[in-house]
Each structure stands twice: as structure tokens, then as C-alpha cells.
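Just so you know, these numbers come straight off a predicted model, no measurement behind them.
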Amino acid sequence: MSTLAAQAISTRRLDLLPLHVEHAEEMAAVLSDPALHTFIGGTPDTPQALRSRYQRMTAGSPDPAISWLNWVIRLRDASCLTGTVQATVSPSGHGPITEIAWVVGTPWQGRGIATEAAQGLVDWLSRQQVHTVIAHIHPEHRASAAVATTAGLTPTDERHDGEIRWHRSIRR
């Protein structure tokens with residue numbers, strides 16, 4: 001499989017736009033609520049720290065066999081950024097596997113944005129010859145578990161750093 005690149009993805013209400021360093025300022029405000037770090041740890045990044053992180057992310061993985069794909073979520077009607085989705089695509093013996101994650105800023109939670117974005121991402125990945133989609137979710141994070149369920153992932157008995165591994169096989 002050749003290295004993948006993030007492409008714009010549109011859903012009913014959202015545009016998933018490939019991440020650019022220029023998104024850092026607006027995204028720092030979107031991700032500024034410390035409550036977003038309840039399950040993942042850490043603290044909100046400053047715009048400067050987020051800019052540095054986005055520079056590293058957009059440069060791509062140092063391993064040419066691994067694709068780092070990152071998008072910002074834009075709520076089309078409001079023309080504002082609301083969060084991010086990401087996918088790390090790696091080779092495996094059974095075909096490409098992808099680990100995905102999502103985060104939506106506190107003011108936009110409860111509107112189905114994460115669900116719609118994750119579904120859009122998984123649908124796009126299924127057209128990229130990805131074999132397996134994986135997410136790691138804190139066992140108490142019910143909202144993320146609901147997003148994963150709607151995107152077709154199911155929980156496994158496997159744990160990684162205290163999080164439950166969720167899985168979906170893409171059937172061809």
C-alpha cells in the first residue's frame with residue numbers, strides 16, 4: 001500500500017479539512033477547555049504549542065510505511081472549526097490497519113458532530129483499502145464509546161494503557 005494523504009471529506013453538515021499549521025490559532029480556542037483532558041490527560045495547548053505540534057504532524061511520520069492523517073472538523077453552516085479527527089495507517093500482515101481518534105470542543109458537544117465526523121472518516125478509510133479500524137477509548141468515556149459504536153466499531157477484551165481497544169473489520 002502506498003502512503004495515504006488526508007483529503008477533504010464532506011458529510012451532511014461537516015467538512016473534514018486536511019490539517020494545516022494555520023489552523024492552530026482557531027483550534028487552540030476550540031480545544032481550550034481543560035475538561036477535554038479528563039480522559040486523555042494533559043492540559044490545553046497554547047496557540048504557539050499547537051502550531052509546533054501541527055508542524056510536526058503535517059510533516060508526516062518519519063516511517064514511510066506509516067501515514068499520519070489529520071483533519072479539522074468544520075461545521076459548514078457556522079463556518080467554524082469544532083474539533084479534529086485523525087487516523088494513523090500502518091501495514092500489517094492482513095492489510096492496512098488504522099487507529100483513529102476524535103475530539104470535539106466543549107461548546108459543540110452533544111450535537112452529533114463527533115459521530116458524523118467519525119462515520120465520515122471510517123467511510124473514507126473503507127474506500128482506501130484499509131482492512132481494520134481501531135480506536136482506544138477510556139472505559140468511562142461513554143460519549144466516545146457511543147461514537148465508536150455508531151461508526152461500526154465494537155469493544156474487545158484488549159486493553160492498552162488502561163483504554164479499551166475497539167475494532168472494526170472492513171469487508172471487501
Side-chain angles (χ1 to χ4, degrees), residues 1-11 13-76 78-92 96-111 113-122 124-125 128 130 133-138 140-141 143-144 147-148 151 160-166:
M1 182 183 105
S2 61
T3 303
L4 289 178
Q7 299 172 353
I9 301 168
S10 291
T11 66
R13 299 177 298 152
L14 308 173
D15 292 316
L16 308 183
L17 305 172
L19 178 72
H20 292 287
V21 173
E22 295 77 20
H23 291 128
E25 187 83 26
E26 186 174 356
M27 286 307 301
V30 169
L31 304 174
S32 65
D33 186 350
L36 289 175
H37 297 267
T38 299
F39 295 109
I40 60 172
T43 58
D45 284 329
T46 64
Q48 298 80 11
L50 203 54
R51 178 176 285 278
S52 293
R53 183 156 53 110
Y54 286 1
Q55 285 173 333
R56 290 188 305 275
M57 292 166 70
T58 57
S61 170
D63 183 338
I66 297 175
S67 299
W68 289 350
L69 310 175
N70 296 279
W71 293 262
V72 291
I73 303 168
R74 183 172 71 92
L75 184 58
R76 197 175 301 116
S79 193
C80 67
L81 301 182
T82 61
T84 63
V85 291
Q86 63 187 49
T88 300
V89 183
S90 306
S92 80
I97 61 169
T98 304
E99 293 194 32
I100 64 170
W102 52 87
V103 63
V104 170
T106 306
W108 298 278
Q109 291 179 2
R111 300 183 193 183
I113 292 171
T115 298
E116 187 173 332
Q119 284 180 303
L121 175 58
V122 170
W124 182 82
L125 288 167
Q128 308 308 312
V130 167
V133 178
I134 297 166
H136 294 97
I137 300 173
H138 190 282
E140 295 175 18
H141 201 317
S144 277
V147 169
H160 183 265
D161 291 335
E163 295 182 319
I164 298 170
R165 182 177 192 250
W166 289 65

Suppose we screen for ring pair (Phe, Tyr, Trp, His ring centres under 6.0 Å). Which residues come up paired with [X], at least two apart in sequence or across chains?
X: Trp68; result: none
X: His37; result: none
X: Trp71; result: Trp124

Exercise. Could you tell me which residues satisfy side-chain hydrogen bond (donor to acceptor under 3.5 Å, both in side chains) with Gln48, sequence neighbours excluded, listed by chain and number?
Key: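 Gln48 satisfies side-chain hydrogen bond (donor to acceptor under 3.5 Å, both in side chains) with Thr46 once adjacent residues are dropped.
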Quiz item: Ser61 side chain to Asp63 main-chain N or O, any donor-acceptor pair under 3.5 Å?
Solution: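 Such a contact is found between Ser61 side chain and Asp63 backbone.
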If the condition is side-chain contact (heavy atoms from CB on, under 4.5 Å), which residues does [X] pass it with, not counting sequence neighbours?
X: Ala59; result: none
X: Arg56; result: Ser52, Arg53
X: Ser79; result: Arg74

Heavy-atom pair with the smallest gap, counting every atom of [X] and [Y]:
X: Leu14; Y: Leu75; answer: CD2-CD1, 3.8 Å
X: Gly120; Y: Ile9; answer: O-CG2, 4.0 Å
X: Ile100; Y: Ala87; answer: CG2-CB, 4.0 Å
X: Val30; Y: Leu81; answer: CG2-O, 3.2 Å
X: Ala6; Y: Asn70; answer: CB-O, 3.9 Å

Exercise. Identify, with sequence neighbours excluded, every residue that meets salt bridge (Lys or Arg N to Asp or Glu O under 4.0 Å) alongside Arg13.
Key: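 Residues passing salt bridge (Lys or Arg N to Asp or Glu O under 4.0 Å) with Arg13: Glu116.
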Quiz item: Under a 4.5 Å cut-off applied to non-hydrogen side-chain atoms, are Met57 and Tyr54 in contact?
Solution: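 The answer is yes; the side chains approach within 4.5 Å.
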Would you be so kind as to tabulate the donor-acceptor pairs closer than 3.5 Å made by side chains of residues 18-25, with sequence neighbours excluded?
unit_1, atom_1, unit_2, atom_2, d
His23, ND1, His20, N, 2.9
His23, ND1, His20, O, 3.3

Quiz item: What residue pairs, at least two apart or across chains, pass side chain to side chain donor-acceptor pair (under 3.5 Å) with a residue in residues 98-109?
Solution: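 Counting only pairs at least two positions apart or across chains, the side chain to side chain donor-acceptor pair (under 3.5 Å) contacts touching residues 98-109 are Asp33-Thr106, Glu99-His136, Trp102-Ser144.
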